[in-house]
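Below, chain A is the first sequence line, B the second, and so on; all start at residue 1. The figures that follow rest on heavy atoms only: side chains count, while hydrogens, waters and symmetry mates do not.
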Protein chains: 2
Amino acid sequence: MAIIKDISQLRNQILCGDTIKTLRVIPDNSVDLIFADPPYNLQLRDELWRPNQTKVDAVNDAWDRFESFDEYDQFSKQWLVECRRVLKEDGVIWVIGSYHNIFRIGKIMQDLGFWIINDIIWIKSNPMPNFRGTRFTNAHETMIFAVKNRDSHYTFHYKSMKAYNDGVQMRSDWDIPICSGEERIRINGQKVHSTQKPEELMRRIIISTSNPGDLILDPFMGSGTTGSVAKLLGRDFIGIERDENYTRVAQERISKVRTLDEDLLDYPLEKRDPRVPFGSLLASGLIYDGETLYSRDRKFHARVLSNATIVSGDAAGSIHQVSALLQGKPNFNGWNFWYVERDGTMVSVDDLRSLFIKKNYQNIGADV
Amino acid sequence: MAIIKDISQLRNQILCGDTIKTLRVIPDNSVDLIFADPPYNLQLRDELWRPNQTKVDAVNDAWDRFESFDEYDQFSKQWLVECRRVLKEDGVIWVIGSYHNIFRIGKIMQDLGFWIINDIIWIKSNPMPNFRGTRFTNAHETMIFAVKNRDSHYTFHYKSMKAYNDGVQMRSDWDIPICSGEERIRINGQKVHSTQKPEELMRRIIISTSNPGDLILDPFMGSGTTGSVAKLLGRDFIGIERDENYTRVAQERISKVRTLDEDLLDYPLEKRDPRVPFGSLLASGLIYDGETLYSRDRKFHARVLSNATIVSGDAAGSIHQVSALLQGKPNFNGWNFWYVERDGTMVSVDDLRSLFIKKNYQNIGADV
DNA sequence: GACTTCCATGAATCGTTAT
DNA sequence: CATAACGATTCATGGAAGT
């Protein structure tokens with residue numbers, strides 16, 4: 001099958017078929033974010049029984065069986081090559097796995113040119129215990145967060161994730177319960193998919209590394225968590241799933257999701273202030289020609305010339321250059337260094353810049 | 001240099017030299033535990049400055065520089081091959097790394113035949129933050145815990161680690177601060193080694209997967225944390241380190257350590273009950289020839305023959321076989337199924353087994 | 001001495017835009 | 001495309017210094 005020319009005909013669909021063959025239909029450089037939850041190659045040798053002689057319902061599906069590491073590597077390389085091709089230059093990919101497969105996956109990704117930004121550990125607050133007492137409880141899974149090239153300008157909503165994490169930057173260890181209760185899809189009391197991922201995981205991934213309207217690809221769609229959260233958060237998706245039953249379940253699940261209102265998807269926090277030259281403050285009258293700037297501790301001062309350069313003894317130049325020179329540092333952000341006196345108190349020039357933005361622009365989060 | 005015949009001449013020494021060449025001197029199948037902290041191949045490009053314009057003292061040691069992934073892979077494979085050769089058949093290996101290298105290391109280990117038991121995440125309570133707001137704080141490192149072959153009978157002190165962890169199974173995520181304060185080795189206020197590991201890590205590793213008197217090998221000894229904790233806990237060590245300065249520091253550090261008294265190193269908790277055949281209870285008079293065994297609910301009963309087999313209707317065999325047959329299960333632990341009557345009350349045959357052990361063995365934790 | 005404030009620092013793949 | 005200018009950006013801890 002040939003590559004489809006217009007990707008929009010695939011938007012918000014689940015394509016039922018072989019992952020690698022189906023990926024080959026998608027055009028180059030066309031998706032913004034990929035989330036992949038490939039088979040883990042678990043290699044359980046025998047059935048696993050709990051101490052009370054009930055059988056553990058483990059991942060033993062045919063899709064998780066491979067003859068050898070080599071066969072698994074071949075398969076992994078093929079779908080990863082296609083993923084790299086369809087990913088935009090500045091796109092992001094996430095792959096989740098466990099110690100059975102993640103080392104092989106990570107090595108292949110590095111070899112293909114993907115550049116790893118983080119490995120994120122999903123710490124399960126309620127993992128399955130180890131029944132035999134033969135090893136440590138396997139209480140986590142590993143996600144690789146990577147970009148297409150070392151110099152990719154990828155989306156990363158740092159401030160959102162920091163706010164999400166109560167004001168300190170989010171770390172590489174994520175504490176999230178496994179998918180259970182209401183969220184877990186069951187038919188006649190039986191779980192439909194053995195490795196359904198929690199929506200909390202997808203929410204963090206989608207919010208941190210994509211924008212509303214972006215196109216998200218999941219080459220192993222399963223029960224449709226990716227599509228479900230993508231739709232909720234106003235992103236488009238393409239899912240690939242080879243099992244017809246899973247496909248049906250996912251389609252029904254996603255159809256029930258309602259996208260959040262736009263005002264809930266637009267984050268003023270992430271908007272950058274427009275660039276304001278220091279001279280604009282002079283022209284607007286917020287700072288006066290010839291007045292004196294002070295450092296916070298009043299140890300340094302400088303005079304403002306009419307061309308918006310400042311002079312302090314032998315040092316002359318932009319507010320940035322002079323503040324760096326005075327401190328003997330290679331560079332410095334002068335906006336955070338200089339103050340002026342207004343009604344007897346010190347006012348930061350950065351606050352005056354915020355005031356300028358507020359007066360002259362609309363809906364920009366200069367006061368956040 | 002030829003392989004040394006008697007490993008005892010290497011015990012508790014740090015061999016200063018190239019890792020791979022020195023490993024080749026160690027005999028086959030001679031060490032019980034390996035801990036390896038290889039170079040991470042960080043590939044740092046530029047300097048990094050904190051927001052307050054101080055420079056980050058990064059890892060820029062020559063030992064961490066490799067030309068390419070391929071060169072790093074070659075190096076890794078060589079030392080891992082030697083480690084596998086010198087490891088005893090039932091020995092254990094731990095390797096620590098970060099996303100820069102751990103995927104390559106893990107893949108090579110699997111290819112060489114090592115069998116992964118766990119990947120353990122060292123979660124740092126106080127990692128260095130991300131200064132530029134470009135990614136998630138890199139707040140963990142990954143350790144691979146593996147054995148020589150899939151069917152190795154490795155040491156794992158499950159009960160100790162459970163007790164260590166306040167009575168619940170220890171999980172694969174370990175919360176441990178980075179090495180700082182008193183523990184961090186400094187000379188003239190400068191850290192001696194850029195990547196000194198916390199002793200808490202080594203303590204968990206050594207206690208969980210080795211026994212007192214075992215021989216522990218560290219092919220990248222650095223500042224000597226492995227040797228130091230090994231000596232404290234009554235294990236022998238061999239360290240390899242190519243830097244003479246590190247070697248000297250490690251030797252001095254280890255010389256100051258005093259091994260704990262023997263009674264602090266012997267854990268009755270871990271001693272397994274001796275295997276007691278059901279027939280021993282007959283012979284000792286704790287159970288009588290011909291008496292009746294009951295299931296707890298008295299739904300089932302069986303008669304004890306003089307050859308220690310039991311019979312219940314058509315079912316005949318060991319206490320295990322018959323209990324499984326009666327319940328229609330593939331197998332079952334008969335010790336937990338059968339009861340006898342003593343003075344009008346039901347007594348579990350497992351309690352009689354414990355009684356037998358208490359009478360006939362010393363210092364065994366049958367009552368724990 | 002008790003308490004507060006300041007400062008240094010740790011395995012880090014750490015930027016974007018205009019000229 | 002290289003270079004220069006602009007300007008955005010940190011958390012937990014321990015020890016020193018100050019009150």
Counting just side-chain N and O atoms, does A/His320 come under 4.0 Å of either OP1 or OP2 of D/dG7?
yes
Have a look at B/Thr137 and say if it touches a base, only the backbone sugar-phosphate, or nothing, with a 4.0 Å heavy-atom cut-off.
nothing
Give a yes/no answer on whether the side chain of A/Tyr154 brings an N or O atom under 4.0 Å of OP1 or OP2 in C/dT16.
no
Would you say A/Ser318 reaches D/dC6's phosphate, i.e. side-chain N/O to OP1/OP2 under 4.0 Å?
yes
Who pairs with C/dC6 - Watson-Crick or G-U, where each distance is under 3.5 Å:
D/dG15
Verdict with supporting geometry, B/Arg253 and B/Thr225, side-chain hydrogen bond (donor to acceptor under 3.5 Å, both in side chains)
CA-CA 9 Å; B/Arg253 176 181 181 192; B/Thr225 307; 3.1 Å; yes
Looking at side-chain heavy atoms only, is the closest gap between B/Phe136 and A/Ser208 below 4.5 Å?
yes
Find out whether the Lys NZ or Arg CZ of B/Arg104 is both under 6.0 angstrom from the six-membered ring centre of B/Tyr72 and within 45° of the ring's axis.
no
What about B/Arg50, does its side chain sit under 3.5 Å from the base of C/dG10 through a donor-acceptor pair?
yes
Interatomic distance where CG belongs to A/Asn331 and P belongs to D/dC6 [whole Å]
11 Å
For B/Thr54, does its backbone N or O pair with a side-chain atom of B/Asn52 as donor and acceptor, under 3.5 Å?
yes
Return the nearest nucleotide to the side chain of B/Gln53; candidates are D/dG14, D/dT10, D/dA8.
D/dA8
Taking only the side-chain heavy atoms of B/Glu182 (C-beta and beyond), determine which of D/dG7, C/dA12, D/dG15 contains the nearest atom.
D/dG15
Earlier contact from the 5' end, DNA chain C, for B/Pro39 and B/Pro129
B/Pro39
A/His153 vs B/Ala58, nearer the 5' end of DNA chain C by closest nucleotide
B/Ala58
Working note: B/Lys107 + B/Asp111, criterion salt bridge (Lys or Arg N to Asp or Glu O under 4.0 Å); need CA distance, chi angles, decisive distance, verdict.
CA-CA 6 Å; B/Lys107 192 262 183 188; B/Asp111 289 349; 2.7 Å; yes
5'-most contact on DNA chain D: A/Gln169 or A/Trp335, nearest heavy atom basis?
A/Trp335
With a 4.0 Å cut-off on heavy atoms, is B/Thr195 in touch with a base, just the backbone sugar-phosphate, or nothing at all?
base
When rounded to the nearest 0.5 angstrom, what distance separates CZ in B/Phe35 from CG in B/Leu201?
6.5 Å
Under-4.0 Å side-chain N/O to phosphate OP1/OP2 contact, A/Arg275 with D/dG7
yes
Between D/dT10 and C/dA8, how far is it from one C1' atom to the other, in whole Å?
13 Å
So what's D/dT9 paired with, Watson-Crick or G-U wobble, going by both distances under 3.5 Å?
none
Whole Å only: how far is the CG atom of B/Leu48 from the P atom of C/dG10?
13 Å
Roughly how many Å apart are C/dG1 and D/dT19, using the C1' atom of each and rounding to a whole number?
12 Å
Taking only the P atom of each, what is the distance from C/dT13 to D/dA4 in whole angstrom?
28 Å
Rounded to whole angstrom, note down the P distance from C/dC14 over to D/dA5.
24 Å
Does A/Trp115 get its side chain close enough to the base of C/dT13, under 3.5 Å, for a donor-acceptor pair?
yes
Would you say B/Lys191 places a side-chain N or O within less than 4.0 Å of OP1 or OP2 belonging to C/dG10?
yes
For B/Lys197 and C/dA11, is the shortest distance between a side-chain N/O and OP1 or OP2 below 4.0 Å?
no
By the 4.0 Å heavy-atom rule, please label B/Arg135 as base, sugar-phosphate, or nothing.
base
Taking only side-chain N and O atoms of A/Lys159, does any of them lie within less than 4.0 angstrom of OP1 or OP2 on D/dT9?
yes
Look at the rings of B/Phe145 and B/Trp94 and say which category their plane angle falls in: under 30° parallel, 30 to 60° tilted, over 60° perpendicular.
parallel
Please determine whether a side-chain nitrogen or oxygen atom of A/Arg171 lies at a distance below 4.0 Å from atom OP1 or OP2 of D/dA12.
no
For C/dT13, give its Watson-Crick or G-U wobble partner with both distances under 3.5 Å, or none.
none
Can you identify which nucleotide, out of C/dG10, D/dA8, D/dC11, has its nearest atom closest to the B/Arg184 side chain?
C/dG10
Nucleotide D/dC11, atom P - distance to CZ of B/Phe136 in whole Å:
14 Å
P gap between D/dG7 and C/dT19, integer Å
12 Å
Between the side-chain atoms of B/Asn138 and the base atoms of C/dA12, is any donor-acceptor pair under 3.5 Å?
no
If you pin A/Phe332 and B/Gly181 to their nearest nucleotides in DNA chain D, which one's is more 5'?
A/Phe332
